[in-house]
Amino acid sequence: MSEYSEYMKQARKEVELCLDIWKNLFAENYSETIEYAYSKGSAIKEWESFIDYVPILSDVDIHIKARDYSNFFGDESSFYESVNLSEMYETRYIEKNPKYFHIPRTQIVKLNKIIDVPDFIHPREDEITPLFGKPVLIENPSDEIIKKVDLQSLLDLEEFLPTLSMSMIDRTGLDLWIMVRRMNWRISPAPIRLLSQNHDKPLDLWELNRTMIAKELEKQEFYLIAESYKDYYYEGWITFMEDFTNSQSLRRLISSGFEVMKLCLEEARKLV
């Protein structure tokens with residue numbers, strides 16, 4: 001991890017603190033309304049190189065299953081409670097870690113409405129960190145269906161990518177971060193969805209960190225995608241270290257992410 005090693009060590013401690021705070025907040029305030037909660041994704045995987053986790057660009061995924069009788073943050077009446085909860089997380093974090101390197105960006109997803117969606121890919125037991133209750137992990141569809149879903153998700157980029165030109169044309173300063181957020185959740189899984197098309201066990205790919213995904217891309221001779229993929233997260237580190245204040249760095253970040261999606265789409269078109 002070279003020069004990033006100390007940063008990564010600190011970031012790991014801070015991700016663990018983040019999860020511990022959310023775990024306590026759930027137990028203290030929502031034990032009657034939350035059935036279970038767990039974390040998944042890049043934040044809890046093994047980090048081998050600097051691309052495996054990028055502060056702020058990478059989020060800390062937390063999935064919550066609310067009890068059936070609960071309308072957990074489901075309408076406008078809970079808005080101010082959500083404001084207070086976000087403040088509680090941040091306040092506790094700063095109190096426990098006043099000299100923080102970063103405050104992990106959490107993404108909390110309520111599972112109730114998506115858990116039965118056919119295209120939703122459920123994590124496996126060794127891919128999660130339980131935070132509250134006993135997570136119920138549902139069996140995923142067959143490998144062939146997963147491959148089909150992955151391919152369609154890539155082909156859907158055909159409609160998304162053309163919208164970015166007019167979205168980008170007038171962006172400056174903080175507005176550039178809006179573009180990053182709009183693109184980021186599509187960039188990260190795109191290479192995995194491409195690799196799954198030639199993989200016997202596509203679900204196994206979702207267990208891999210980004211370092212391993214980059215190696216798999218190179219193994220399948222997707223060299224340009226691998227380079228753009230690594231560049232994207234490298235630029236993410238630069239923008240983080242600059243406090244997301246350098247517009248030129250943000251534009252390079254956005255351009256690298258666009259390249260990842262564009263190249264993955266080009267390869268997906270060859271498969272239909």
Side-chain angles (χ1 to χ4, degrees), residues 40-43 45 51-63 105-109 111 113-114 117-123 127 146-169 171 175-197 199 202-203 205-214 216-217 220 222 224-237 239-240 244 249-272:
K40 62 180 285 291
S42 60
K45 293 178 181 178
I51 70 172
D52 290 324
Y53 179 82
V54 182
I56 308 304
L57 186 65
S58 301
D59 56 33
V60 179
D61 273 318
I62 296 176
H63 284 191
R105 181 173 65 84
T106 49
Q107 175 174 271
I108 296 179
V109 175
L111 290 170
K113 290 186 177 181
I114 63 174
V117 173
D119 293 351
F120 183 72
I121 304 300
H122 301 272
E127 297 175 49
I146 290 172
K147 290 182 180 186
K148 184 177 179 180
V149 170
D150 283 345
L151 180 57
Q152 186 57 54
S153 294
L154 289 178
L155 294 173
D156 288 344
L157 293 173
E158 200 142 25
E159 294 184 7
F160 173 68
L161 293 185
T163 69
L164 295 176
S165 297
M166 282 305 297
S167 295
M168 185 66 191
I169 195 170
R171 301 288 178 178
D175 270 355
L176 290 164
W177 177 246
I178 296 173
M179 289 294 294
V180 175
R181 287 299 305 273
R182 185 180 173 198
M183 296 166 63
N184 188 41
W185 66 275
R186 292 179 171 92
I187 296 165
S188 181
I192 300 176
R193 298 189 193 283
L194 177 61
L195 289 170
S196 79
Q197 303 308 302
H199 202 280
L203 276 180
L205 292 167
W206 294 94
E207 293 186 6
L208 302 181
N209 59 29
R210 294 175 188 142
T211 301
M212 295 302 298
I213 291 298
E216 286 291 324
L217 287 167
Q220 293 194 26
F222 296 126
L224 288 178
I225 298 176
E227 284 306 306
S228 295
Y229 185 64
K230 289 184 283 187
D231 284 347
Y232 177 69
Y233 293 106
Y234 174 69
E235 294 294 348
W237 266 101
T239 56
F240 167 73
F244 300 95
S249 296
L250 282 163
R251 290 189 181 97
R252 288 197 304 271
L253 173 66
I254 292 165
S255 297
S256 295
F258 178 85
E259 191 71 8
V260 172
M261 292 186 289
K262 180 175 74 72
L263 291 171
C264 286
L265 174 59
E266 289 173 359
E267 294 297 331
R269 286 173 178 150
K270 299 175 184 177
L271 299 174
V272 294

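The basis for the numbers below is simple: all heavy atoms, side chains too, and nothing from hydrogens, waters or symmetry mates. Everything quoted here is computed from the prediction, not taken from an experiment.
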K.L.:
What are the two closest non-hydrogen atoms of S58 and S42, and how far apart are they?
P.N.:
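Result for this residue pair: CB-OG, 4.1 Å.
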
K.L.:
In Å and rounded to the nearest 0.5 Å, what is the NE2 to CD1 distance from H63 to I108?
P.N.:
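The distance works out to 10.5 Å.
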
K.L.:
Closest approach of S196 and P202, non-hydrogen atoms and distance?
P.N.:
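Smallest interatomic distance, heavy atoms only, reads CB-CB, 3.7 Å.
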
K.L.:
Can you tell me how far the OG1 atom of T211 sits from the CD1 atom of I213, to the nearest 0.5 Å?
P.N.:
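The distance works out to 10.0 Å.
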
K.L.:
Step by step, would you call V180 with L253 a side-chain contact (heavy atoms from CB on, under 4.5 Å)?
P.N.:
CA-CA 8 Å; V180 175; L253 173 66; 3.8 Å; yes

K.L.:
Find the distance between OG1 (T239) and CG (L176) and round it off to the nearest 0.5 Å.
P.N.:
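One gets 10.5 Å once the value is rounded to the nearest 0.5 Å.
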
K.L.:
Assess whether atom NZ of K262 is packed by more than 12 heavy atoms of other residues, nucleotides or ligands within 6.0 Å.
P.N.:
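Yes - once you tally the heavy atoms of other residues, nucleotides and ligands closer than 6.0 Å, there are more than 12.
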
K.L.:
Does some side-chain heavy atom of R181 sit less than 4.5 Å from a side-chain heavy atom of R105?
P.N.:
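Contact flag for R105/R181 side chains = yes.
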
K.L.:
Within the structure provided, determine whether F160 and M183 are in side-chain contact (heavy-atom separation under 4.5 Å).
P.N.:
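Yes, their side chains come closer than 4.5 Å.
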
K.L.:
Could you go through K45 and D52, starting from their C-alpha distance and side-chain angles, then the distance that decides it, and tell me whether this counts as side-chain contact (heavy atoms from CB on, under 4.5 Å)?
P.N.:
CA-CA 8 Å; K45 293 178 181 178; D52 290 324; over 6 Å; no

K.L.:
Quick one: does F244's side chain get under 4.5 Å of S249's, heavy atoms only?
P.N.:
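They are not in side-chain contact.
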
K.L.:
Given 3.5 Å as the limit, does a donor-acceptor pair link the side chain of Q197 with the main chain of K147, or not?
P.N.:
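Yes: the side chain of Q197 pairs with the backbone of K147.
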
K.L.:
State, to 0.1 Å, how close Y229 and R210 come at their nearest heavy-atom pair, and which atoms those are.
P.N.:
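Heavy-atom minimum between the residues: OH-CG, 3.1 Å.
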
K.L.:
Pair up each side-chain donor or acceptor in residues 254-261 with any protein partner under 3.5 Å, not counting sequence neighbours, and list the distances.
P.N.:
{"residue": "S255", "atom": "OG", "partner": "R251", "partner atom": "O", "Å": "2.8"}
{"residue": "S256", "atom": "OG", "partner": "R252", "partner atom": "O", "Å": "3.1"}

K.L.:
I want to check something: taking the side chain as every heavy atom from C-beta on, are I146 and V149 in contact at a cut-off of under 4.5 Å?
P.N.:
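Counting from C-beta outward, I146 and V149 never come under 4.5 Å.
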
K.L.:
Roughly how far, to the nearest 0.5 Å, is CG of L164 from CZ of R171?
P.N.:
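CG of L164 is found 10.0 Å from CZ of R171.
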
K.L.:
So, the side chain of E267 versus the backbone of L263: is there a donor-acceptor pair under 3.5 Å, distance only?
P.N.:
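Side chain of E267 to backbone of L263, a donor-acceptor pair under 3.5 Å: no, none is there.
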
K.L.:
What pair of heavy atoms forms the shortest contact from L194 to A268, and how long is it?
P.N.:
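Closest heavy-atom pair between L194 and A268: CD1-N, 4.5 Å.
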
K.L.:
Is the shortest heavy-atom distance from the side chain of L205 to the side chain of R193 under 4.5 Å?
P.N.:
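Heavy-atom side-chain distance check fails, nothing below 4.5 Å.
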
K.L.:
Begin from the C-alpha positions of E127 and E207 and carry the test side-chain contact (heavy atoms from CB on, under 4.5 Å) through to its verdict.
P.N.:
CA-CA 6 Å; E127 297 175 49; E207 293 186 6; 3.5 Å; yes

K.L.:
Residues in side chain to side chain donor-acceptor pair (under 3.5 Å) with K113, at least two apart?
P.N.:
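Counting only residues at least two positions away or on another chain, K113 forms no side chain to side chain donor-acceptor pair (under 3.5 Å).
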
K.L.:
Is any side-chain heavy atom of I114 closer than 4.5 Å to one of V109?
P.N.:
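With C-beta onward as the side chain, the pair touches.
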
K.L.:
So, applying side chain to side chain contact (heavy atoms under 4.5 Å, CB included) with L195, which one of L217, L208, D150, I225 is it?
P.N.:
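Among L217, L208, D150, I225, the one meeting side chain to side chain contact (heavy atoms under 4.5 Å, CB included) with L195 is L217.
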
K.L.:
Holding to ring pair (Phe, Tyr, Trp, His ring centres under 6.0 Å), I want the full list of residues that pass it with Y232, two or more places apart in sequence or in another chain.
P.N.:
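Partners of Y232 under the ring pair (Phe, Tyr, Trp, His ring centres under 6.0 Å) test: none.
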
K.L.:
Find the distance between CG (L154) and CG (L265) and round it off to the nearest 0.5 Å.
P.N.:
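Rounded to the nearest 0.5 Å, the CG-CG separation comes out at 7.5 Å.
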
K.L.:
Working to the nearest 0.5 angstrom, can you tell me the gap between L250 CG and D175 CG?
P.N.:
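Atom-to-atom, L250:CG and D175:CG are 11.0 Å apart.
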
K.L.:
Under 4.5 Å between any side-chain heavy atoms of Y233 and S188, yes or no?
P.N.:
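With C-beta onward as the side chain, the pair touches.
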
K.L.:
Are L57 and F240 close enough that some pair of their side-chain heavy atoms sits under 4.5 Å apart?
P.N.:
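Not in contact.
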
